Q: 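Shown below is the structure under consideration.
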Amino acid sequence: MPRFLYIIFIVFFFNFPALFSYTDESTDNKQPSIRKLILADVSFGPGINSLSKNKAEAALSLAARLTMKYELIPVYVSDSVAADMKKQKGEVTVLELAGKMESELLLFLNIDKFVNILRVEITSVETLKPDSVKKSTAYALLRYKNNKTGEFLFDPTLIEAVQRAFIGIDGDSALYSGQQGRLAVASAAPLVVGGLYFINDEELADWELFRTKQVTSFDAVETIFGQALNSKDYVAFDMATRDSIYARFNLYAVENYHTASIHEIEALRRFDVQYYITGTFKRIGQGAEIELILSEIISGKLHAIRYEKALLAEDKLDDFRENLSNITAALLNISDK
């Protein structure tokens with residue numbers, strides 16, 4: 001689905017929730033295998049100050065319907081039934097309400113934001129097994145802003161993050177594989193792009209890329225990040241979010257031409273970052289060798305899982321960017337298809 005059509009679809013959905021209203025069980029085309037859900041509560045973290053509960057409910061409703069396996073009972077319907085039950089018997093528990101409406105799962109939704117990353121956590125409770133609790137956390141990068149106000153447009157990213165979290169609740173990694181475009185969401189792990197370690201050889205001809213390593217390394221991280229955005233398997237944190245995580249732990253003036261310190265990796269781990277890209281940029285006789293390394297963060301340490309290399313023959317920034325982009329795609333298994 002083209003990007004502009006996707007955005008139109010999302011905006012259309014969020015502004016016309018009545019078109020996706022609850023269908024009574026007696027409807028002829030109702031699928032008997034559809035599992036009913038009740039949204040028990042929506043909460044927002046300190047990073048959220050402009051997102052309504054109605055939009056959160058709409059996002060969850062769409063994520064459920066897209067699976068063709070679930071249907072969220074609208075809050076106005078469950079509130080109405082709860083009010084009738086209270087008139088008859090006084091206080092009503094959410095489990096009693098779920099039983100009355102034949103809902104199999106209770107869902108609790110928490111939404112938060114840190115800089116440019118949206119975090120969604122869904123907690124599910126089985127109606128017939130209240131002790132059976134499952135939690136799923138997912139992330140997505142906020143990419144769109146209102147041109148006039150500069151405020152984030154949450155809708156597309158919220159849908160993506162809720163879908164991703166819903167996959168964890170359902171347990172089927174291919175839950176949305178039948179969808180088109182950006183709605184074909186898959187599980188994706190948080191990823192941060194670190195710096196490249198610059199290794200110069202002063203006996204060789206001087207290269208501007210090495211002489212201006214502060215600027216070059218910044219450009220390299222941005223180039224790698226730009227390609228990583230195309231991955232369906234990872235959620236790439238932008239540099240502003242990465243550096244804000246470091247600052248939260250009093251780690252300032254982090255340079256992009258050095259390898260990460262143990263303190264930086266620990267800070268990322270505490271923000272649930274699971275994967276990290278680093279590498280080297282080494283001057284050699286034939287030019288310069290670029291190596292990127294994808295590592296998993298385990299117990300505060302980097303464990304390398306994949307490597308990719310390229311040879312840069314000339315001191316040209318555009319060639320450097322092209323090589324970085326290509327080996328990043330190979331490193332993260334990004335296909336042009």
Side-chain angles (χ1 to χ4, degrees), residues 45 110 112-123 133-141 160-161 164-174 185-199 217 220-221 224-225 227-252 254-282 290-309 324 327-334:
N110 178 264
D112 201 358
K113 179 180 78 70
F114 184 74
V115 191
N116 299 319
I117 291 291
L118 193 68
R119 178 185 184 274
V120 169
E121 179 181 83
I122 299 178
T123 302
V133 178
K134 183 184 290 187
K135 287 189 176 183
S136 176
T137 303
Y139 299 84
L141 179 71
E160 181 182 354
R164 195 164 280 147
F166 206 86
I167 289 173
I169 293 299
D170 179 78
D172 181 3
S173 60
V185 172
S187 296
L191 166 79
V192 157
V193 179
L196 295 179
Y197 181 44
F198 277 53
I199 306 172
S217 61
V221 172
I224 297 168
F225 168 74
Q227 180 63 276
L229 284 176
N230 297 315
S231 173
K232 290 188 176 183
D233 300 318
Y234 302 93
V235 178
F237 284 28
D238 64 305
M239 205 183 305
T241 303
R242 182 201 71 177
D243 291 347
S244 295
I245 292 174
Y246 291 154
R248 179 66 67 90
F249 292 90
N250 299 315
L251 301 172
Y252 300 99
V254 174
E255 299 289 359
N256 292 305
Y257 50 83
H258 289 306
T259 55
S261 70
I262 58 173
H263 304 293
E264 292 164 23
I265 297 303
E266 175 60 18
L268 296 175
R269 184 194 67 81
R270 293 176 66 175
F271 264 75
D272 292 337
V273 175
Q274 298 174 35
Y275 292 91
Y276 186 85
I277 293 178
T278 187
T280 58
F281 185 40
K282 183 179 180 180
I290 310 168
E291 180 180 50
L292 294 185
I293 307 166
L294 176 64
S295 297
E296 185 175 4
I297 299 175
I298 302 175
S299 301
K301 295 182 180 180
L302 295 178
H303 294 259
I305 56 179
R306 194 173 303 131
Y307 304 80
E308 290 293 339
K309 291 184 179 182
L324 281 171
I327 61 176
T328 299
L331 192 73
L332 301 181
N333 294 318
I334 298 171

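Here the structure is a predicted model, which means the values were calculated and not measured. Scope of the values below: all heavy atoms of this structure, side chains included, with no hydrogens, waters or symmetry mates.
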Q: Report the distance from atom CD1 of Ile290 to atom NZ of Lys282, rounding to the nearest 0.5 Å.
A: 14.0 Å
Q: Under 4.5 Å between any side-chain heavy atoms of Thr280 and Thr259, yes or no?
A: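 Not touching, per the 4.5 Å side-chain cut-off.
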Q: Would you please name every residue forming a side-chain hydrogen bond (donor to acceptor under 3.5 Å, both in side chains) with Asn333, sequence neighbours left out?
A: none
Q: With a 4.5 Å limit on heavy-atom distance, are the side chains of Thr137 and Arg119 in contact?
A: yes
Q: Could you check whether any side-chain heavy atom of Leu191 comes within less than 4.5 Å of a side-chain heavy atom of Leu294, counting everything from C-beta outward?
A: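 Heavy-atom side-chain distance check passes, below 4.5 Å.
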Q: Return the CD1 to NE2 distance between Ile298 and His303, rounded to the nearest 0.5 Å.
A: 4.5 Å
Q: Checking Phe271 now: which residues fulfil ring pair (Phe, Tyr, Trp, His ring centres under 6.0 Å) with it, not counting sequence neighbours?
A: Phe114
Q: Testing the basics here: between Ala165 and Ser136, what is the closest heavy-atom pair and its distance to 0.1 Å?
A: O-OG, 2.7 Å
Q: Applying ring pair (Phe, Tyr, Trp, His ring centres under 6.0 Å), can you list everything that pairs with Tyr246, at least two apart in sequence or on another chain?
A: none
Q: Under the side chain to side chain contact (heavy atoms under 4.5 Å, CB included) rule, collect the residues that match up with Ala188, sequence neighbours excluded.
A: Arg164, Val235
Q: For the residue pair Phe237 and Val115, establish whether any side-chain heavy-atom pair is separated by less than 4.5 Å.
A: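 No, side chains not in contact.
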Q: If the condition is side-chain hydrogen bond (donor to acceptor under 3.5 Å, both in side chains), which residues does Thr241 pass it with, not counting sequence neighbours?
A: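 Asp238.
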Q: Suppose we screen for side chain to side chain contact (heavy atoms under 4.5 Å, CB included). Which residues come up paired with Lys113, at least two apart in sequence or across chains?
A: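 Side chain to side chain contact (heavy atoms under 4.5 Å, CB included) list for Lys113, sorted by chain: Ile48, Leu118, Leu142, Phe152, Phe154.
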Q: List the residues meeting salt bridge (charged side-chain N to carboxylate O under 4.0 Å, His left out) with Arg242, not counting sequence neighbours, and say none if there are none.
A: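 For Arg242 there are no salt bridge (charged side-chain N to carboxylate O under 4.0 Å, His left out) partners, ignoring immediate neighbours.
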Q: Side chain to side chain contact (heavy atoms under 4.5 Å, CB included), that's the test. Do Ile297 and Leu302 meet it? Break it down for me.
A: CA-CA 5 Å; Ile297 299 175; Leu302 295 178; 3.8 Å; yes
Q: Do any pairs count as a salt bridge (Lys or Arg N to Asp or Glu O under 4.0 Å) and have a residue in residues 264-280, sequence neighbours left out, and if so which ones?
A: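 Those involving residues 264-280 are Glu266-Arg269.
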Q: To the nearest 0.5 angstrom, please state how far the CG atom of Leu324 sits from the CG atom of Leu292.
A: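 These two atoms lie 6.0 Å from each other.
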Q: Which pair of heavy atoms, one from Ala138 and one from Ala161, lies closest together, and at what distance?
A: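 Ala138 and Ala161 have their closest heavy atoms at CB-O, 3.5 Å.
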Q: For residues Gly195 and Tyr276, report the shortest heavy-atom separation together with the two atoms involved.
A: N-OH, 4.0 Å
Q: Would Tyr275 and Ile305 count as a side chain to side chain contact (heavy atoms under 4.5 Å, CB included) here? Give the steps.
A: CA-CA 10 Å; Tyr275 292 91; Ile305 56 179; 3.7 Å; yes
Q: Looking at every non-hydrogen atom in both residues, tell me the closest pair between Phe249 and Ala267 and how far apart they are.
A: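 Closest approach of Phe249 to Ala267: CD1-CB, 3.5 Å.
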Q: Excluding sequence neighbours, so at least two apart, what forms side-chain hydrogen bond (donor to acceptor under 3.5 Å, both in side chains) with Asn230?
A: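 Once residues adjacent in sequence are excluded, the partners of Asn230 under the side-chain hydrogen bond (donor to acceptor under 3.5 Å, both in side chains) criterion are Gln227.
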Q: Salt bridge (charged side-chain N to carboxylate O under 4.0 Å, His left out) with Asp243: which residues, sequence neighbours excluded?
A: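 For Asp243, no residue satisfies salt bridge (charged side-chain N to carboxylate O under 4.0 Å, His left out) once neighbours in sequence are set aside.
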Q: Can you check whether Ile334 reaches Ser231 side chain to side chain, under 4.5 Å on heavy atoms?
A: yes
Q: A side-chain contact here means heavy atoms from C-beta on lying under 4.5 Å apart; do Leu332 and Asp233 qualify?
A: no
Q: Quick check for you: to the nearest 0.5 Å, what is the distance between Glu308 atom CD and Ile293 atom CD1?
A: 11.5 Å
Q: Please name the pair of heavy atoms, one in Ile167 and one in Ser173, separated by the smallest distance, quoted to 0.1 Å.
A: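 Scanning both residues, the minimum pair turns out to be CG2-CA, 3.9 Å.
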Q: Please identify each residue that fulfils side-chain hydrogen bond (donor to acceptor under 3.5 Å, both in side chains) with Arg306, with sequence neighbours left out.
A: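 Result, side-chain hydrogen bond (donor to acceptor under 3.5 Å, both in side chains) vs Arg306: none returned.
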Q: Is any side-chain heavy atom of Ile117 closer than 4.5 Å to a side-chain heavy atom of Leu141?
A: yes
Q: Rounded to the nearest 0.5 Å, what's the gap from CG on Asp172 to OG on Ser187? Could you check?
A: 9.0 Å
Q: What distance do Lys301 atom NZ and Ile262 atom CD1 have between them, rounded to the nearest 0.5 Å?
A: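 That separation rounds to 9.0 Å.
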Q: Looking at every non-hydrogen atom in both residues, tell me the closest pair between Gly300 and Ile265 and how far apart they are.
A: O-CG2, 3.5 Å
Q: For Phe198, enumerate each residue passing the ring pair (Phe, Tyr, Trp, His ring centres under 6.0 Å) test, keeping only those at least two apart in sequence or located in another chain.
A: Phe210, Phe281
Q: Looking at side-chain heavy atoms only, is the closest gap between Leu331 and Ile224 below 4.5 Å?
A: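 No, side chains not in contact.
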